[in-house]
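Since the structure comes first, as structure tokens, the remarks are kept for the end.
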Amino acid sequence: MRLSAVAAVLMTFVLVAGCGGEEDPSSQSDRANAEAPQLESVPSSTSSTTTQRASATTSAASTSTGVPIIRKGKQSLRLADAQETDSWIEGSYEVPKVPEPVQALATNVGCYSDRELEFRFSLESGTLNIAVAQSQDSKSSSAILQFSLLADGRSVDVRKVSFDQQAVLTTQLDGVSVVRVRVEQVDSSGNCDTTTALLTSVEIV
């Protein structure tokens with residue numbers, strides 16, 4: 001009787017131990033998830049902030065008014081260096097008594113109008129030389145053009161040029177901020193056709 005009781009106790013212990021050794025698969029999964037290291041998420045705003053910062057670095061605000069100012073001496077000037085260029089164009093032209101076409105700044109001048117071209121400077125020294133002429137394909141060959149050079153509003157050089165003549169106007173640039181070239185017809189011998197005025201060279205020397 002005592003042996004039967006002991007055997008029953010041993011059987012109960014074995015059954016209890018066997019049941020306790022098994023673990024529910026879902027419990028194992030939960031524990032694995034709990035023990036696994038958690039990765040810290042990176043805020044999505046980081047990439048956009050970096051992009052905005054890069055954009056701010058590469059795009060600089062422009063404060064230029066678009067007015068060309070000549071700051072370097074000893075160079076040839078072109079139409080892009082001038083102001084008030086609406087009535088002027090730049091191209092290749094034939095000049096009377098010159099065998100080859102020349103690059104020039106050109107404008108058409110009628111009997112009752114004049115044309116101006118302005119250059120702005122920021123130089124301590126230098127001399128501006130402007131060579132002038134009439135175009136071979138002007139409608140009029142009898143007109144006389146007067147070219148005037150004004151430095152800061154003062155007339156510094158004036159030349160009259162007939163169809164087959166050329167001339168050079170000169171002014172010092174020391175302390176000068178604005179130089180204007182003015183051209184007009186002064187004698188057309190009764191013929192009021194348009195004449196094409198040329199600046200065949202505009203150089204700082």
Side-chain angles (χ1 to χ4, degrees), residues 66-205:
V67 176
I69 299 177
I70 300 157
R71 305 179 185 277
K72 184 178 68 174
K74 294 185 179 180
Q75 62 171 314
S76 296
L77 303 182
R78 306 185 64 178
L79 193 60
D81 300 309
Q83 287 282 95
E84 301 181 6
T85 61
D86 292 346
S87 60
W88 294 78
I89 58 176
E90 184 172 1
S92 180
Y93 292 87
E94 293 185 3
V95 177
K97 299 183 179 180
V98 176
E100 298 292 334
V102 298
Q103 195 72 11
L105 311 184
T107 186
N108 290 324
V109 184
C111 293
Y112 307 105
S113 64
D114 59 18
R115 296 285 186 263
E116 286 192 357
L117 195 63
E118 177 182 306
F119 296 94
R120 296 188 185 183
F121 298 90
S122 181
L123 298 172
E124 294 181 358
S125 62
T127 301
L128 180 66
N129 293 332
I130 301 179
V132 299
Q134 294 191 30
S135 175
Q136 180 83 290
D137 63 356
S138 294
K139 290 183 178 181
S140 173
S141 61
S142 59
I144 296 177
L145 296 180
Q146 177 172 287
F147 292 86
S148 303
L149 204 57
L150 296 91
D152 288 340
R154 297 177 294 103
S155 178
V156 292
D157 203 349
V158 179
R159 301 297 174 94
K160 292 181 179 181
V161 176
S162 62
F163 181 74
D164 58 352
Q165 291 180 327
Q166 301 175 55
V168 177
L169 289 81
T170 300
T171 184
Q172 295 296 317
L173 295 175
D174 305 40
V176 173
S177 299
V178 178
V179 173
R180 286 178 173 267
V181 185
R182 180 181 297 158
V183 56
E184 57 189 324
Q185 281 197 33
V186 292
D187 185 3
S188 60
S189 299
N191 187 351
C192 203
D193 285 336
T194 300
T195 302
T196 302
L198 301 178
L199 309 185
T200 57
S201 175
V202 183
E203 292 187 342
I204 302 173
V205 296

Which heavy atom of [X] sits nearest a heavy atom of [Y], and at what distance?
X: Gln134; Y: Ser140; value: OE1-O, 4.3 Å
X: Phe119; Y: Arg78; value: CE2-O, 4.0 Å
X: Thr195; Y: Ala143; value: OG1-CB, 3.3 Å
X: Val181; Y: Leu199; value: CG1-CD2, 4.1 Å
X: Val161; Y: Ala133; value: CG1-CA, 4.3 Å
X: Ala197; Y: Val109; value: CB-CG2, 4.1 Å

Working to the nearest 0.5 Å, report the span between [atom1] of [X] and [atom2] of [Y].
X: Thr85; Y: Glu90; atom1: OG1; atom2: CD; value: 10.5 Å
X: Glu116; Y: Arg180; atom1: CD; atom2: CZ; value: 4.5 Å
X: Ile89; Y: Asn108; atom1: CD1; atom2: CG; value: 7.0 Å
X: Gln185; Y: Gln146; atom1: CD; atom2: CD; value: 12.0 Å
X: Thr196; Y: Asp137; atom1: OG1; atom2: CG; value: 5.5 Å
X: Leu145; Y: Ser148; atom1: CG; atom2: OG; value: 11.0 Å

**Request:** Show your reasoning for whether side-chain contact (heavy atoms from CB on, under 4.5 Å) applies to Gln136 and Phe163.
**Result:** CA-CA 8 Å; Gln136 180 83 290; Phe163 181 74; 3.4 Å; yes
**Exercise: do Ser92 and Gln103 side chains pair donor with acceptor under 3.5 Å** =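 Absent: no donor and acceptor within the cut-off.
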**Request:** With Leu123 as reference, evaluate Ile69, Ile204, Asp174, Leu128 under the side chain to side chain contact (heavy atoms under 4.5 Å, CB included) test and give the passing residue.
**Result:**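 The side chain to side chain contact (heavy atoms under 4.5 Å, CB included) with Leu123 is passed solely by Ile204 among Ile69, Ile204, Asp174, Leu128.
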**Candidates Ile130, Thr170, Leu169, Val168 - the one meeting side chain to side chain contact (heavy atoms under 4.5 Å, CB included) with Arg159** =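 Among Ile130, Thr170, Leu169, Val168, the one that satisfies the side chain to side chain contact (heavy atoms under 4.5 Å, CB included) with Arg159 is Leu169.
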**Request:** Indicate yes or no for a side-chain donor-acceptor contact from Asp152 to the backbone of Val178 under 3.5 Å, with no hydrogens or angles considered.
**Result:**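 A pair under 3.5 Å: yes.
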**Message:** Donor-acceptor pair, distance only, cut-off 3.5 Å: does the side chain of Thr107 make one with the backbone of Ser87?
**Reply:**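 Present.
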**Message:** So Gln83 and Val67, do their side chains get closer than 4.5 Å, heavy atoms only?
**Reply:**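 Yes - at least one pair of side-chain heavy atoms lies under 4.5 Å apart.
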